[in-house]
Number of protein chains: 2
Amino acid sequence: MKFSSYEEDFIGCVLMKRGLTDTCYGLFSTLANPTRLAILEKLRIQSMNVSTLAQVLNQEQSMISHNLKPLERCALIYSERSGKEKIYSLNKDTMEKIFKAVEDHANNHCPFGGMCADSK
Amino acid sequence: MKFSSYEEDFIGCVLMKRGLTDTCYGLFSTLANPTRLAILEKLRIQSMNVSTLAQVLNQEQSMISHNLKPLERCALIYSERSGKEKIYSLNKDTMEKIFKAVEDHANNHCPFGGMCADSK
DNA sequence: TCTTCATATGAAGAAAACTTCATAAGTATT
DNA sequence: AATACTTATGAAGTTTTCTTCATATGAAGA
């Protein structure tokens, strides 16, 4: 039986204490996707349901659902039913810290108005 | 002409100011790799050259070199020649913040001694 | 400059992740 | 329970990224 990194993340999370590298790998593979990042960016502004996300991001609903799954499993977002809809919201505790670290990094290493120096 | 995400990261970095999502994507795709994370974890302890990294991580030298490249391009690590060798070091400013955010997240969401609750 | 040690690069097969389409499952209303 | 609406899932083809091997480049000493 084989598992994807998402599944391994989940399994590892349930079965054993993991090292920092493993934890990071689970989180970062989830974060390393433009659609998921776009979802997070939208949810940063306000919580919303799946079809609104699909509409706002101009993507198919199944695409959004597929991508919400790993985000929720990693607890980067939360969800809450509201009638037929499911409202997703950002885990700001975690994500604001991460966004800030990335922004700081970009500011430090892409000095001239957001452009990175040619780093080789 | 087509570009990998690493290359696009680089090009995007040089050519234009990018949104947070793009910046994140560049960084996170670089971070979403077990070998690269293992490298960062080692460099967190101490700076070292390529062959020492290869030895410590029990990986081929070419594997290490291939993986150092995107890390350096993203400025997550620095390098400095020393004779024949090239010493790589961690960008602690950025990486300690990120490691801390991940550790905090794991503590909050994997309560019982590092195990995550079954988040479905 | 020849040799040796250290690191980097190219390319190709292998593996992993993504996108899409079709459809299933959950919820509420009638 | 039939319908409509919302969200989730499965599977297959496509694309992206990884790993490995062979080899090239760079640095230093004889």
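With distances taken from any side-chain atom of A:Tyr88 to the nucleotides D:dA8, C:dC18, C:dA8, the minimum falls on D:dA8. Of the candidates D:dT19, C:dT27, C:dA8, the closest approach to any side-chain atom of B:Asn33 belongs to D:dT19. The listed nucleotides are D:dA22, D:dT7, D:dC18; the one nearest the side chain of B:Ser62 is D:dA22. For B:His66, the side-chain atoms get nearest to C:dT9 when compared with the rest of C:dT7, C:dT9, D:dA8. With D:dT7, C:dT27, D:dT19 as the candidates, the nucleotide lying closest to the side chain of A:Lys84 is C:dT27.
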* **Residues B:Asp93, B:Lys97; criterion salt bridge (Lys or Arg N to Asp or Glu O under 4.0 Å); working and verdict** => CA-CA 7 Å; B:Asp93 281 353; B:Lys97 280 190 227 161; over 6 Å; no
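Counting distance only, with no hydrogens placed and no angle test, the side-chain atoms of A:Gln61 and the base atoms of D:dA8 include a donor-acceptor pair under 3.5 Å. Taking only distance into account, the side chain of B:Ser51 never meets the base of C:dC5 through a donor-acceptor pair shorter than 3.5 Å.
Spacing between atom CG of A:Leu53 and atom P of D:dT6 amounts to 14 Å, rounded to whole angstrom units. At whole-Å resolution of the value, CD in A:Glu72 and P in D:dA8 are 8 Å apart. Atom CD1 of B:Ile39 and atom C1' of D:dC18 are 13 Å apart (whole Å). In this structure, CG of B:Asn58 is placed 14 Å from P of D:dT19, rounded to the nearest angstrom. Here the P atom of nucleotide D:dT20 and the CD1 atom of B:Ile64 are 11 Å apart, to the nearest Å. We find that CG of A:Asn67 is positioned 14 Å from C1' of D:dT9, with the value rounded to whole Å. Atoms CD (B:Gln55) and C1' (C:dC5) sit 14 Å apart, rounded to a whole Å. One can place CZ of B:Phe28 at 17 Å from P of C:dA17, the figure rounded to the nearest angstrom.
The hydrophobic cluster containing A:Ile87 does not contain A:Leu90, counting ILVMFWY residues as joined when their side-chain heavy atoms lie under 4.5 angstrom apart, directly or transitively.
For the pair B:Ile87 and A:Met63, nearest-nucleotide mapping onto DNA chain C gives the more 5' position to B:Ile87. Summary of the strand contacts: A:Thr35 and A:Ser82 both lie near DNA chain C, and taking for each the nucleotide with the nearest heavy atom, the more 5' one is attributed to A:Thr35.
Between B:Tyr78 and A:His109, the ring planes are tilted. Angles from 30° to 60° get that label.
The partner of D:dA30 is C:dT1, by the rule that a Watson-Crick or G-U pair needs both atom distances under 3.5 Å.
Here the CG atom belonging to B:Asn49 is positioned 10.5 Å from the CD atom belonging to B:Gln61, to the nearest 0.5 angstrom. In this structure, CD in B:Glu72 is found 9.0 Å from OG in B:Ser89, a value given to the nearest 0.5 Å. The distance from the CG atom of B:Leu27 to the CG atom of A:Leu31 is 11.0 Å, given to the nearest 0.5 Å.
In this model, the phosphate group of C:dC18 is approached by a side-chain N or O of A:Arg36 to a distance below 4.0 Å at OP1 or OP2. For the OP1/OP2 pair of C:dT9 and a distance below 4.0 Å, the side-chain nitrogens and oxygens of B:Lys69 include at least one atom meeting the criterion. At least one side-chain nitrogen or oxygen of A:Lys86 sits closer than 4.0 Å to the OP1 or OP2 atom of D:dA8.
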